[in-house]
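Working notes, beginning with the structure itself.
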Amino acid sequence: MGGNLNKMMKQAQKLQQEMLKLQEEVAARTVEATAGGGVVKVTANGQQQILAIEIKPEAVDPDDVEMLQDLILTAVNNALQQSREMMAKEMGKLTGGLNIPGLF
């Protein structure tokens, strides 16, 4: 029994190391999301951090600030969702599709 436990512990440690490496790799990747036909573009990384927001001049209407706010909100939320999906997809490859609570 002790040999199996040792083997399981080594496998768990190896999986943990692979997950940390994967998290670092995915953190360096970026995703982009747009709204309003591309007038607002948001770039996020694998750590769900917003790296850039680009707004084309035609998106800025002083009489309709709410529309610009909605476009930014939509693009940010889409970028963050893409970032989460990217991380989940890559972690799923590593864990064989197992959903491990608290993993990511």
Side-chain angles (χ1 to χ4, degrees):
M1 181 76 181
N4 285 340
L5 183 59
N6 246 355
K7 185 177 179 182
M8 283 177 40
M9 291 299 290
K10 285 183 181 180
Q11 288 174 336
Q13 288 173 341
K14 181 180 178 194
L15 180 61
Q16 183 180 20
Q17 290 171 349
E18 289 174 0
M19 283 190 288
L20 290 173
K21 180 181 176 188
L22 179 63
Q23 286 174 334
E24 289 175 10
E25 290 173 4
V26 173
R29 295 183 194 170
T30 61
V31 295
E32 291 182 353
T34 61
V39 295
V40 174
K41 181 171 80 171
V42 174
T43 304
N45 67 16
Q47 292 179 315
Q48 288 81 55
Q49 295 172 325
I50 302 302
L51 303 176
I53 297 176
E54 296 177 34
I55 302 170
K56 292 188 177 177
E58 60 265 28
V60 181
D61 180 354
D63 296 326
D64 194 3
V65 174
E66 286 182 12
M67 174 63 92
L68 179 56
Q69 291 169 336
D70 289 344
L71 292 173
I72 293 169
L73 187 60
T74 298
V76 166
N77 284 330
N78 287 342
L80 293 176
Q81 179 63 34
Q82 287 180 32
S83 176
R84 285 189 294 273
E85 289 172 0
M86 177 178 60
M87 179 63 82
K89 179 181 174 184
E90 293 301 319
M91 291 302 253
K93 290 178 187 176
L94 188 61
T95 62
L98 292 176
N99 185 11
I100 303 171
L103 187 58
F104 52 90

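- For T74 (side chain) and D70 (main-chain N/O), a donor-acceptor pair under 3.5 Å exists by modelled atom type.
- Two different hydrophobic clusters hold V76 and L51 under the rule that ILVMFWY side chains link at heavy-atom gaps under 4.5 Å.
- Residues A75 and V40 approach most closely at CB-CG1, 3.9 Å, considering heavy atoms.
- A salt bridge links K93 and E90; the closest N-O separation between the charged side-chain nitrogens and carboxylate oxygens is under 4.0 Å.
- Distance check, rounded to the nearest 0.5 Å: OG1 of T34 to CG of L71 gives 10.0 Å.
- With sequence neighbours left out, the salt bridge (Lys or Arg N to Asp or Glu O under 4.0 Å) criterion links K10 to no other residue.
- One distance of note links CZ of R84 with CD of Q47; it measures 14.0 Å at 0.5 Å rounding.
- Taken from CD in E85 to CG in L80, the straight-line distance is 11.0 Å, to the nearest 0.5 Å.
- Shown here is Q16, whose CD atom has no more than 12 heavy atoms of other residues, nucleotides or ligands within 6.0 Å.
- Put simply, the side chain of D64 does not reach to within 4.5 Å of the side chain of L68, judged on heavy atoms.
- E32 pairs by the salt bridge (Lys or Arg N to Asp or Glu O under 4.0 Å) definition with K41, not counting sequence neighbours.
- Side-chain polar atoms of Q17 and Q13 form no donor-acceptor pair below 3.5 angstrom.
- Under the 4.5 Å side-chain criterion, counting only non-hydrogen atoms from C-beta, M86 is in contact with V26.
- When the shell of 6.0 Å around CD of Q11 is examined, it contains more than 12 heavy atoms from other residues, nucleotides or ligands.
- In terms of modelled atom types and a separation under 3.5 Å, the side chain of S83 and the main chain of N45 share a donor-acceptor contact.
- With rounding to the nearest 0.5 angstrom, the CE atom of M9 is 13.5 Å from the CG atom of N4.
- No path of Ile, Leu, Val, Met, Phe, Trp and Tyr side chains, each step under 4.5 Å between heavy atoms, connects I53 with V31, placing them in separate hydrophobic clusters.
- Just one residue in the list I50, L73, I55 forms a side-chain contact (heavy atoms from CB on, under 4.5 Å) with V42, and that residue is I50.
- The shortest distance between side-chain heavy atoms of L22 and M91 falls below 4.5 Å.
- Between the CD atom of Q48 and the CD atom of Q81 there is a distance of 9.5 Å, given to the nearest 0.5 Å.
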